[in-house]
Amino acid sequence: MKKLLAPSLLSANFGNLQHDIELINRSEADWLHIDVMDGVFVPNISFGFPVLEYVKALSTKPLDVHLMIVEPTKFIVECKNIGAMMMNIHYEACTHLHRAVAAIHDAGMQAGVTLNPHTPVELLEDIICDVDLVLLMSVNPGFGGQKFIENTYFKIARLREMIERKQAHALIEVDGGVNLDNAPLLYSAGADVLVAGNAIFKSENILETIKLIRHK
Ligand code: DX5
Ligand code: ZN
């Protein structure tokens with residue numbers, strides 16, 4: 001199991017993104033998690049690709065892009081243009097998920113599939129070998145700072161079992177309500193990558209909190 005950490009830019013100071021991105025560059029964080037929201041798939045709007053052009057120019061960390069939007073395949077070129085390493089699309093937003101994953105790969109990015117808290121991991125049986133990552137939402141997507149949903153541990157265990165049984169290479173990522181207390185439990189439950197927004201950016205010492213989550 002890897003133990004990677006992806007701070008979520010959604011909780012950064014939007015008044016001074018450059019400062020916070022440069023801080024993450026200097027940190028032990030592995031990826032930078034980018035939450036794009038459209039106000040339709042989720043009841044909130046965050047930022048779009050014109051802003052992410054600047055993020056691309058400033059960040060030295062691989063970009064883990066989480067699209068909380070309808071029709072995410074419309075934005076494959078935009079994701080590619082901002083240098084996304086990982087393009088995460090929601091299972092619930094894709095009628096033709098297999099085609100969408102192939103299109104992301106054709107564009108030269110890794111493909112992640114994201115599941116809302118109510119969506120069972122068993123729905124991935126027939127696509128798990130084709131994806132690079134499964135992002136399990138541990139809150140209902142749309143906002144930072146929400147309470148972690150405990151059923152996520154059960155989903156991690158079932159997904160880990162499926163990945164091993166199918167000899168798939170997909171990483172397991174968990175997003176929402178991750179903090180210093182549950183991070184070690186999530187890594188030992190089988191998560192490879194943790195996303196953390198508020199726990200990092202609202203802490204007193206961002207660099208130290210990142211170090212603590214990764215090494216706890
Ligand atoms: C929520 C986003 C998360 C969010 C996590 O819809 O997908 O990435 O930024 O924030 P915290 O860690 O504060 O729950
Ligand atoms: Zn996210």
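Indexing begins at 1, ligand by ligand and atom by atom, following the structure's order.
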Residue and atom name of the nearest protein heavy atom (relative to atom 2 (C) of ligand 1), distance in Å to one decimal: D35 OD1, 3.4 Å
N or O contact, N140 vs ligand 1, cut-off under 3.5 Å: no
Shortest protein contact, atom 1 (C) of ligand 1 (heavy atom only): F143 O, 3.5 Å
pair V134-I128: side-chain heavy atoms closer than 4.5 Å: yes
Contact (N/O only, under 3.5 Å) between M137 and ligand 1: no
Residue-ligand contact K202/ligand 1, heavy atom below 4.0 Å: no
Polar atom proximity, G176 to ligand 1 (N or O, under 3.5 Å): no
Proximal atoms of ligand 1 relative to M68 (non-hydrogen, under 4.0 Å): 6 (O), 7 (O)
Atom indices of ligand 1, in the order listed, that fall short of 4.0 Å to a heavy atom of V195: 8 (O)
Angle at the Zn ion (ligand 2) (to 10°), with one arm to OD1 of D35 and the other to NE2 of H33: 90°
Distance from atom 5 (C) of ligand 1 to nearest protein heavy atom, with residue and atom: D175 OD1, 3.5 Å
For N198, atoms of ligand 1 separated by under 4.0 Å from a heavy atom: 11 (P), 12 (O), 13 (O)
Closest protein heavy atom to atom 9 (O) of ligand 1, given as residue, atom name and distance to 0.1 Å: S8 OG, 2.8 Å
Atom 6 (O) of ligand 1: the protein heavy-atom neighbour that sits closest, reported with distance to 0.1 Å: G142 N, 2.7 Å
Side-chain donor or acceptor of T209 paired with backbone N/O of S203 under 3.5 Å: no
Minimum side-chain heavy-atom gap I69-V40 below 4.5 Å: no
Contact (N/O only, under 3.5 Å) between G145 and ligand 1: yes
Salt bridge K74-E71, side-chain N to carboxylate O under 4.0 Å: yes
Under 4.0 Å to a heavy atom of P141 - the qualifying atoms of ligand 1, by number: 6 (O)
Full working for side-chain hydrogen bond (donor to acceptor under 3.5 Å, both in side chains) between S8 and D35: CA-CA 7 Å; S8 171; D35 291 301; 2.7 Å; yes
Atoms of ligand 1, numbered as shown, that sit under 4.0 Å from any heavy atom of H66: 7 (O)
N/O separation below 3.5 Å, G197 to ligand 1: yes
Sole residue of K3, R160, K2 in salt bridge (charged side-chain N to carboxylate O under 4.0 Å, His left out) with D192: R160
Ring centroid separation Y54 to F47 under 6.0 Å: no
Protein heavy atom at shortest distance from atom 14 (O) of ligand 1: G177 N, 2.8 Å
Exercise: do D132 and H105 side chains pair donor with acceptor under 3.5 Å: yes
Which atom of H66 approaches the Zn ion (ligand 2) most closely (N/O/S): ND1
Mutual orientation of the aromatic rings belonging to H66 and H90 [parallel < 30°, tilted 30-60°, perpendicular > 60°]: parallel
Nearest to the Zn ion (ligand 2) - the N/O/S atom of D175, by atom name: OD2
Step-by-step side-chain hydrogen bond (donor to acceptor under 3.5 Å, both in side chains) determination, N140 to N116: CA-CA 7 Å; N140 286 292; N116 276 335; over 6 Å; no
Test item: N182 side-chain N/O and L185 main-chain N/O as donor-acceptor pair under 3.5 Å: no
Heavy-atom check, side chain of M86 versus side chain of E173, under 4.5 Å: no
Closest protein heavy atom (residue, atom, distance) for atom 10 (O) of ligand 1: G144 CA, 3.6 Å
